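Keep in mind that this is a model prediction, so the values were computed, not measured. One is the number of the first residue; the rest follow in order along the sequence.
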Amino acid sequence: MAKYEQLASQIRHQIESGIWRAGEKMPSLRKQAAHSGMSLMTVMHAYQQLESQGWLVAHPRSGYTVAESIRISPLPYNAAVETAEAVDINSFIFDVLQACRKPYMINFAFAYPDPNLYPRYQVNKSLMHAARSIPVSNALDNLPPGNDTLRAMIAQRYAAKGISIAPDEIVITAGALEALNLSLQAVTRPGDWVVVESPTFYGALQSLERLGLKALSVRTDPQTGIDLTSLERAFQSHPVKACWLMTNHQNPLGFTLTEQKKRQLISLLNNYQVALIEDDVYSELYAGNEQPLPAKAFDTSGNVMLCSSFSKSLVAGFRIGWVAAGKRATDIQKLQLMSTLTTSVPIQLALVDYLSTRNYEHHLRQLRRTLDKRKKAMCRLLTQTLSPDVEIEPAEGSYFVWLRLPVTSDTMAIYTQALAENITIAPGKMFSPGKQFNHCLRLNTSFELDESHTDAIRRLAEIINQHLEQQHK
């Protein structure tokens, strides 16, 4: 099949899936060429073929639109391990996060990027516009699965990356954490086993605790990610129902799985019929020029529930997330009706307005450059001030750095001393149901290294170095 035929087939599949709707304007030839990596001539031939087949309509000097006569049909679906019988970590995490709220703290434990990096003025304008124009019927129009236009916009953003996800597969949620929790509920019952990385995002541990689930923590390398051999052993030794994994810019380690490893992961999950709940909230915050694809991009079974949000990339307070739920979209909608009922209608409409009228891509490019610059500056300062005994894992992308102290160290003691001096960190205890990461800690690198933050890092380094000196005595 020629390249233009491959592209035409991909676009036709996207139209059939409802990503591009009847009468909707298609990306320009130049934009499609940039997204697909193909030449302008190849894109033009693909569009012309789709026009000749009745899928697209050409408009002189205005590009192409999807033909009004197209009938959309639903996307078909082909049909070393640590165990924790009970997870008990929520109280400790609550205490750490409460300390982060105090305004006088220098907050390196913060989970979100520096709030000053958000386009607050533009987002607030969109919110005011949405509040003024919201129709009375919108309370019903935005029940699960959420606002139609917002879901279509999200689907189109995936389509631009070459991932075909139908709008009907997307459920809008109150942040990514609700998306992740609903996905977990859709495939598990109390007492079931769930695989998480080791270390893992603490929100996963909180969810397992709340739902009465058992954790299987699978060995995870800071550079290469989860060990697939160990993962398969977990499947062989336990009746695993789901995996909660981050394949891009994992929190707290920061690694991104290679494309080959993502394909191998999907194959393994399909072989053992285990669902994947993919936490992909950091994928927009990559370093360099190429955004990593989620594992969902390589799934053909509908068995991956891809969860993300605008909280890390646009504004934290809106709490708008989503799950591309595959064959479980209806199940998740039913669960949402029994919990939050629906996601905030004005906020959904504000995001529609912002994505329609503002340059979100320009904001993302600026945000990525700033985060990368600040992370590198933080790592330089840490290298200058910390003992050589401290290993720094500065994985590219996102805005966290993982520090590994000698295994005899106790970062809880460091956390307590730093907190007394109004500095917060995220100790390794937050990221595991066991004690194997008590010698580690995570720092947020998204804040500008002004005088107060530089002084705080230098003081934190002194506390860590003093702790290590005492260990050597």
Side-chain angles (χ1 to χ4, degrees), residues 11 13-27 66 70 72-77 126-127 130 133-135 137-180 182-183 186 278 280-281 283-284 294 296-297 299 302 304-311 313-315 318-337 339-358 360-361:
I11 295 171
H13 183 258
Q14 291 171 0
I15 294 171
E16 288 175 327
S17 302
I19 293 172
W20 303 108
R21 294 179 288 186
E24 191 164 17
K25 186 176 176 61
M26 292 294 295
V66 179
I70 294 295
I72 306 300
S73 57
L75 178 66
Y77 290 107
S126 291
L127 183 57
S133 59
I134 183 171
S137 65
N138 250 261
L140 293 176
D141 295 342
N142 292 273
L143 287 172
N147 181 274
D148 288 344
T149 305
L150 181 58
R151 291 185 298 120
M153 287 176 163
I154 293 169
Q156 288 170 13
R157 288 182 58 76
Y158 282 125
K161 302 162 193 169
I163 308 172
S164 293
I165 294 176
D168 286 346
E169 185 182 337
I170 295 171
V171 181
I172 304 298
T173 60
L177 195 55
E178 186 189 34
L180 291 156
L182 291 173
S183 299
E278 186 173 14
D280 199 42
V281 295
S283 66
E284 296 278 15
K296 173 81 170 177
D299 173 52
V304 178
M305 291 160 280
L306 177 64
C307 303
S308 192
S309 78
F310 293 103
S311 298
S313 59
L314 186 58
V315 58
F318 270 19
R319 302 301 303 153
I320 292 289
W322 65 89
V323 50
K327 59 190 178 186
R328 299 182 177 87
T330 301
D331 293 337
I332 286 176
Q333 290 177 50
K334 291 176 182 177
L335 287 167
Q336 189 180 39
L337 275 172
S339 56
T340 53
L341 181 63
T342 186
T343 307
S344 169
V345 174
I347 300 299
Q348 290 188 67
L349 295 175
L351 276 169
V352 168
D353 181 84
Y354 178 85
L355 296 173
S356 303
T357 62
R358 315 293 173 187
Y360 183 42
E361 295 301 329

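Between the CD atom in Glu24 and the CD1 atom in Ile15 there is a gap of 10.0 Å [rounded to 0.5 Å]. Atom CD of Gln333 and atom CD1 of Ile172 lie 10.5 Å apart (nearest 0.5 Å). Here the CG-CD1 distance, from Leu337 to Ile332, works out to 12.5 Å after rounding to the nearest 0.5 Å.
Nearest heavy-atom pair, Ser356 versus Met153, reported as atom, atom and distance to 0.1 Å: OG-CE, 2.7 Å. Across every non-hydrogen atom of Ser126 and Ala350, the tightest pair is CB-O, 3.4 Å. Scanning all heavy atoms of the two residues, the minimum distance from Ser313 to Tyr360 falls at OG-OH, 2.7 Å. When all heavy atoms are compared, the tightest approach of Arg319 to Ser311 is NH1-OG, 3.5 Å. The heavy-atom pair separating Ala325 from Met305 by the smallest distance is O-CG, 3.8 Å.
A search for salt bridge (Lys or Arg N to Asp or Glu O under 4.0 Å) contacts involving Lys161 returns Glu284, not counting sequence neighbours.
With hydrogens and angles ignored, the 3.5 Å screen pairs no side-chain donor or acceptor of Ser309 with any backbone N or O of Gly175. In this structure, the side chain of Gln348 does not engage the main chain of Leu150 through any donor-acceptor pair within 3.5 Å. Using a distance-only test at 3.5 Å, with no hydrogens or angles considered, a donor-acceptor pair links the side chain of Lys296 to the main chain of Val304.
Using a 4.5 Å heavy-atom threshold, the side chains of Pro27 and Gln156 count as separate. Contact of the Arg151 side chain with the Asp168 side chain is registered, since non-hydrogen atoms from C-beta on lie closer than 4.5 Å. Using a 4.5 Å cut-off on side-chain heavy atoms (C-beta onward), Ser183 and Cys307 make contact.
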Review point. Can you list the steps and then say if Glu178 with Val323 is a side-chain contact (heavy atoms from CB on, under 4.5 Å)?
Key: CA-CA 9 Å; Glu178 186 189 34; Val323 50; over 6 Å; no

Review point. Checking side-chain contact (heavy atoms from CB on, under 4.5 Å) for the pair Ile165/Leu306: CA distance, chi angles, key distance, verdict?
Key: CA-CA 10 Å; Ile165 294 176; Leu306 177 64; 4.1 Å; yes

Point to revise | Phe310 vs Leu355, side-chain contact (heavy atoms from CB on, under 4.5 Å): CA-CA, chis, key distance, verdict | key: CA-CA 11 Å; Phe310 293 103; Leu355 296 173; 3.9 Å; yes

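Screening Leu351, Asp353, Ile347, Val345 for a side chain to side chain contact (heavy atoms under 4.5 Å, CB included) involving Leu349 leaves a single residue, Val345.
Between Tyr158 and Trp322, the angle of the ring planes goes over 60°, which puts this pair in the perpendicular group of the 30/60° scheme.
Around the NZ atom of Lys25, the shell of radius 6.0 Å holds more than 12 heavy atoms that belong to other residues, nucleotides or ligands.
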